[in-house]
S.K.: 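Please read through the structure below; I'll follow up with questions.
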Amino acid sequence: MLDLKFIRENPHIVAQAIKDKQEKVDFSQFLDLDEQRRNFLQELEFKRRQLNQLSSSMAKFKKQGEPTDQIHHQLKDLSQEIKQIELNYKKVYDQWEKLYHFIPNIPEQDTPLGSSEQDNKTIKIWGEVEKSKEGLDYHQVCEKLHLVNWQSASIISQSSFPLYLGDGARLEMALIMFMLDLHQKHQYTQVFPPFLINRDSMFGTGQLPKMEEDSYVIEKDDLFLNPTAEVPVTNLFKGQIIPEQKLPVKLSAFTTCFRREAGSYGKETKGLLRMHQFNKVELVHLVKPEDGFNSLEQLLSQAELVLQQLKLPYRVRMLCRGDMTFASALTYDLEVWAPISKKFLEVSSVSYFKDFQARRIGLKYQPENGAKQFIHTLNGSALATPRTMIAILEHYQQEDNTVMIPEVLLPYFSGQKVINSSEQ
RNA sequence: GGAGAGCUAGUCUAAUUGGUAAGGCACCGGACUUGAAAUCCGGCGGGGGUUCGCGCCCCUUGGGGGUUCGAGUCCCCCGCUCUCCGCCA
């Protein structure tokens with residue numbers, strides 16, 4: 001959420017941000033409603049003041065045993081009048097608020113213009129992007145080694161939900177544990193949050209209202225299935241004021257993530273590439289505003305470290321304004337190289353939100369000297385497992401199509417060195 | 001799932017059984033002091049409107065609704081915490 005005063009004083013900046021981010025909110029209507037709303041509000045407050053004053057005379061008269069009939073009538077009329085103005089105000093307010101909640105964060109100045117992922121800017125390539133490797137692509141390996149069974153999954157659940165089997169399941173869990181252990185070395189506090197999230201928290205990090213259609217909802221309880229650990233973890237200190245000495249707060253969390261992926265059916269949905277359920281380790285930072293950009297670089301490098309330790313080549317891209325999420329001001333994507341599919345696959349998004357989320361969440365800090373301020377929030381996946389697994393299955397694939405286990409994952413395989421077929 | 005108790009600003013704690021949130025502690029500033037403690041004076045939650053500014057005003061007693069001229073207080077719904085009972089991996 002943007003500061004209202006900022007919006008009023010810099011309407012052109014906000015309008016440009018909406019355009020650049022390809023958001024659909026009607027901003028001129030918003031400004032119009034904002035003015036209407038304030039006019040009603042002033043009228044309302046004036047009448048309320050009158051009511052308060054008259055009402056305290058009423059109390060005085062009553063206490064002194066004086067007649068109150070006349071004042072009672074006045075109060076009754078005034079009260080009716082106020083209720084009418086309140087109705088008008090509420091009507092405008094509701095429309096205004098709806099639009100307000102759809103105003104996105106403002107992209108940083110040095111983010112590239114553009115409307116789709118093709119306009120994202122590659123800023124770094126790490127490792128050797130091997131283009132001649134032959135073998136089975138990730139989907140074929142999964143089938144051959146029986147690492148994931150989609151048919152069984154759909155018997156139990158529905159299509160696009162994974163069921164990992166045998167070494168597939170072990171690889172998945174090994175990845176998660178490896179990542180958590182790695183972040184532990186960098187002074188992250190590990191969080192294992194609930195997977196059902198209330199509406200307020202979904203709003204806080206900016207998933208709602210925009211992404212409601214993409215979320216799984218338990219209607220009976222008005223709870224949402226966790227779409228990313230960003231939501232429960234960033235909301236952990238909701239409504240609190242954190243003393244400056246406690247910053248930065250650095251949290252890591254494993255969660256299973258659930259997304260409807262509405263409207264993304266097609267070729268891309270095959271196998272592990274896009275699923276309704278996947279696992280992810282997420283890093284979250286809560287920092288002082290002046291530390292934001294350093295923190296962003298730190299997050300990025302810690303996400304990169306996961307791929308470096310797995311010895312998987314990747315590139316870093318800075319997202320263009322049209323490809324960035326609603327709440328983000330600056331986002332880097334990490335894309336791992338899948339050498340047999342010959343594609344870069346997004347395994348991480350590292351984002352800086354400035355105070356956009358903190359404003360929604362009510363998350364401030366108290367400097368040692370000076371006034372309370374909103375915290376700046378950041379997060380980054382480090383990493384989402386499915387595409388990391390894809391890269392491993394292709395990168396470490398041997399001539400017989402079995403897969404060598406990456407060195408850093410060996411401690412989680414109790415002596416086993418190669419991923420084999422789960423079918424005995 | 002059932003029954004009961006509770007929720008007041010960082011914290012503790014009041015508010016005539018309906019009259020417009022009083023205090024203590026903590027914290028911050030000042031005075032006194034060589035310095036500190038103690039003492040005294042002042043300030044001290046959040047959101048919003050208006051103003052060049054000082055300030056003035058409105059909202060806010062877990063959330064929402066209702067009754068009323070007026071609700072912390074009465075009524076309804078929901079959330080959370082605690083206690084007990086039942087069920088359960």
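In what follows, every chain begins at residue 1, and chains take the letters A, B, ... in the order their sequences are listed.
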S.K.: Nearest of B:C69, B:C58, B:G46 to any side-chain atom of A:Met58?
M.R.: B:C69

S.K.: Would you call the rings of A:Tyr93 and A:Tyr89 parallel, tilted or perpendicular if under 30° counts as parallel and over 60° as perpendicular?
M.R.: tilted

S.K.: Parallel, tilted or perpendicular: which one describes the rings of A:Tyr216 and A:Phe161, with boundaries at 30° and 60°?
M.R.: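 The rings of A:Tyr216 and A:Phe161 sit tilted, inter-plane angle from 30° to 60°.
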
S.K.: For RNA chain B, whose closest nucleotide is more 5', that of A:Gln42 or that of A:Gln50?
M.R.: A:Gln42

S.K.: Output the distance between atom CG (A:Leu180) and atom CD1 (A:Ile176), rounded to the nearest 0.5 Å.
M.R.: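 Atom-to-atom, A:Leu180:CG and A:Ile176:CD1 are 7.5 Å apart.
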
S.K.: Identify whether NZ of Lys or CZ of Arg in A:Arg170 sits under 6.0 Å from the centre of the six-membered ring of A:Tyr412 and within 45° of that ring's axis.
M.R.: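 Relative to the ring axis of A:Tyr412, which defines the angle, A:Arg170 lies outside at least one limit.
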
S.K.: Please figure out whether A:Ala59 or A:Lys83 has its closest RNA chain B nucleotide nearer the 5' end.
M.R.: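 With A:Lys83 and A:Ala59 compared, the 5'-side residue is A:Ala59.
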
S.K.: With sugar-phosphate meaning primed atoms plus P, OP1 and OP2, does A:Lys62 contact a base, only sugar-phosphate, or nothing at under 4.0 Å between heavy atoms?
M.R.: base

S.K.: Using a heavy-atom cut-off of 4.0 Å across all strands, would you classify A:Lys47 as base, sugar-phosphate, or nothing?
M.R.: nothing

S.K.: For B:G49, does either OP1 or OP2 sit under 4.0 Å from a side-chain N or O belonging to A:Asn39?
M.R.: no

S.K.: Rounded to whole Å, please give me the gap between CZ in A:Arg48 and C1' in B:G70.
M.R.: 14 Å

S.K.: Check this one for me: any side-chain N or O of A:Ser79 less than 4.0 Å away from OP1 or OP2 of B:G70?
M.R.: yes

S.K.: Give the ring-plane orientation class for A:Phe254 versus A:Phe195, where under 30° counts as parallel, over 60° as perpendicular and anything between as tilted.
M.R.: perpendicular

S.K.: How does RNA chain B read in dot-bracket, base by base from 5' to 3', with Watson-Crick or G-U pairs under 3.5 Å and | used when the partner is on another strand?
M.R.: (((((((..(((......[...))).(((((.......))))).((((((....)))))).(((((..]....))))))))))))....

S.K.: Would one find a side-chain N or O of A:Lys364 under 4.0 angstrom from OP1 or OP2 of B:G47?
M.R.: yes

S.K.: Under 4.0 Å between a side-chain N or O of A:Asn52 and OP1 or OP2 of B:C58?
M.R.: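 The answer is yes; a side-chain N or O of A:Asn52 sits under 4.0 Å from OP1 or OP2.
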
